[in-house]
Amino acid sequence: MSPATLQSLRPDLAIIQDWIQPDSQVLDLGCGEGVLLRYLSEHKNVRGYGLEINPDKITACIANGVNVIEQDLNDGLVNYKDSSIDTVVMTQAIQAVQRPDQLLEEMLRVGDEAIVTFPNFGFWRTRLYLALKGRMPMSETLPHAWYDTPNIHLCTMTDFEELCASKNIRILNKTVVDDNHQEHWAIRLWPALLGEVAIYHLTRRA
Amino acid sequence: MPEVIPDDSVGLVTPQTFHSDTPLTLRSGRVLPQYDLVYETYGQLNPQRSNAVLICHALSGDQHAAGYNSMEDKKPGWWDNAIGPGKPIDTNRFFVVALNNLGGCSGSTGPISINPETGKQYGPDFPIVAVRDWVNSQAVLADHLGIAKWAAVVGGSLGGMQVLRWSIQFPQRIANAVVVASAPKLSAQNIAFNEVARQAIAKDPDFHDGNYLDHNTIPKTGLMQARMLGHLTYLSEDAMRQKFGRDLREGKLNYSFAPEFQVESYLHYQGEKFSTRFDANTYMLMTKALDYFDPAADYGHDLVKCLSNALCNFLVVSFTTDWRFSPGRSEEIVNALMEADKNVSYACIESDGGHDAFLLDNPRYHQVLRAYMNRIANQLEANA
């Protein structure tokens, strides 16, 4: 893998990297091949660990020199102490765990801040797909059929914000990217409708 | 016997002997005034002397990790599937050193060596050596070979304990630590297994309190029992079921106490083979070294504090069906390393091989090992 550049990052990762402090420590839940961690290490002197369960992705992380720990997110983060990490990141994985609500609590127990991205089920195309076709929506972001999808807990941005409110989680920042994974003025006006991927920066701090 | 040596073998290798006249003070306080270390090397040391990899052996291993010592050898070295040209520990890129540890019975100074002070074999008088003593002696060997810093120190099981010890004892001399199927210390259950094995040996009438060589005998029955017990704890229940099931040697029950099930014959065969090649006093010593290993004890039993001394990167690997050194034991190491803010990666490999899996050719295990070692080699070659 060639050195990570900002342009080469997936758009949600490019936005996230800006929310992470230089010289801080990051835990990346479902880190894939370690692209974000590698970028943060090379450009912001961020130290961290990625958690992953896919064997090929774990090997890729090791080949990329990214610290990767084989760990199932459904088992929680019991091996990490309270407030031991600056930022806990989870990109496009919260919808695939058994209990997103519990994992969100775990993220903010271990981390001072959390960053979560997920496919917004309230995206206009998803709404239209269900309304017009009467079938579970499928798209590039949601490529699976209802019966074999790993995305067992899809939600809209409104759903997610309600969950945060019920747990006294403060939203520091939120943004969305559209189906081309771009940010522009229109989706800033109607993010819950026009955003395909939702990105949240969260904390429990007052 | 290999008819032809395979292309991915290190080929024919000759063990070498390093003799040290500098006394080595052991953890027990006793001193070895002089000693030999027998070792093999594979591959070439680069001009920067930066590509050396140390292989640490486990309970019954030795210096013969890869290749063949002669064309008459039935089998290659004990980790030949991982060490060789193009293999995960690639001898085209690394200079690999494997030695027989002190107290061993394959040529390094141990119970079957002559004690220079008495002119007789040490036998049971050979001092009990600890993991740190091995690491100290390995450092002396590294000095002899002109290796200031290992690119990696690699080991499984008891070998992994030596790797952990290297990381905290000589932090400046190790760049990468590969700890496979190991533990930060043995559990009570593990110590108990070792004690049953030792008792089997000690209670053999031919043991003579360890002086069996003076009686021109060996405690064969005891060693066999010890190995049979050890061996079955290295296998998983699934692996034994698949390999033997309840198959009978003669296809029918004979209503006798002779071995009737295939699994019994297998254990007898393994025990028999081992009892003729391995020294009983060495077995006693090696199991003691396992029991004593507990590096955190020097740091108020705080493993995080202990591993904070390390400067190297770590790769930790465990196997799903290993119940002798279970994944949870490896995860203790991993969690402590993360808490100590060290670079660490961890893979838990799906395998039905039990503890023995660390010696087997499991594709995912070797992919992980290869990815880690290749990255080290890439960096070395970029800096060359």
Side-chain angles (χ1 to χ4, degrees), chain A residues 1-4 23-35 37-38 40-42 45-88 106 109-111, chain B residues 88 90 152 175-181 302-304 310 312-320 326-351 362-380 382-383:
Chain A
M1 193 163 99
S2 52
D23 309 312
S24 65
Q25 197 174 31
V26 165
L27 195 61
D28 186 356
L29 312 187
C31 67
E33 299 188 351
V35 176
L37 282 172
R38 181 166 166 170
L40 290 170
S41 154
E42 287 175 1
N45 192 35
V46 165
R47 293 156 298 116
Y49 305 98
L51 306 191
E52 186 52 69
I53 49 167
N54 179 302
D56 293 333
K57 289 177 178 167
I58 290 170
T59 305
C61 284
I62 291 171
N64 286 332
V66 169
N67 290 323
V68 62
I69 307 297
E70 183 157 350
Q71 185 169 334
D72 188 343
L73 298 180
N74 289 318
D75 298 337
L77 303 173
V78 284
N79 49 329
Y80 299 92
K81 291 190 169 159
D82 296 1
S83 272
S84 56
I85 304 277
D86 295 315
T87 309
V88 181
E106 274 287 85
R109 174 186 67 76
V110 168
Chain B
D90 189 346
N176 290 278
V178 180
V179 181
V180 183
D302 183 343
L303 188 61
V304 177
C312 59
N313 306 313
F314 289 81
L315 173 67
V316 179
V317 179
S318 69
F319 300 92
T320 49
S326 69
R329 305 309 312 279
S330 286
E331 286 155 21
E332 286 174 40
I333 300 171
V334 172
N335 290 334
L337 285 168
M338 285 196 285
E339 209 178 321
D341 210 0
K342 303 298 173 189
N343 285 321
V344 54
S345 284
Y346 169 60
C348 178
I349 309 290
E350 178 97 33
S351 160
N362 172 310
R364 188 185 162 210
Y365 169 35
H366 278 191
Q367 270 163 25
V368 164
L369 188 59
R370 183 188 297 275
Y372 192 78
M373 296 306 292
N374 275 349
R375 183 174 162 78
I376 299 171
N378 292 343
Q379 284 177 332
L380 286 173
N383 293 337

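Naming convention: chains lettered A, B, ... in sequence-line order (proteins, then strands); numbering from 1 in each chain. No hydrogens, no waters, no symmetry mates; every other heavy atom, side chains included, goes into these values. Keep in mind it's a predicted model, so treat the numbers as computed, not measured.
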Within a strict 4.5 Å, meaning less than it, do heavy atoms of the Arg364(B) and Ile58(A) side chains meet?
yes
Given heavy-atom pairs under 4.5 angstrom as the criterion, report whether the side chain, backbone, both or neither of Thr59(A) touches chain B.
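Both backbone and side chain of Thr59(A) come within 4.5 Å of chain B.
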Glu52(A) portion near chain B, given a 4.5 angstrom heavy-atom threshold
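For Glu52(A), neither part sits under 4.5 Å from chain B.
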Which heavy atom in Ser345(B) sits nearest to a heavy atom in Val66(A), and how many Å separate them?
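Minimum heavy-atom separation between Ser345(B) and Val66(A): OG-O, 3.4 Å.
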With a strict 4.5 Å heavy-atom criterion, list every residue of residues 68-80 of chain A that contacts chain B, or say none.
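Hits under 4.5 Å: Val68(A), Ile69(A), Glu70(A), Asn79(A), Tyr80(A).
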Contacting moiety of Leu315(B), where chain A heavy atoms sit under 4.5 Å:
side chain
So which residues of residues 334-344 of chain B are in contact with chain A at a heavy-atom cut-off of under 4.5 Å?
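Expected list: Val334(B), Asn335(B), Leu337(B), Met338(B), Glu339(B), Asp341(B), Lys342(B), Asn343(B), Val344(B).
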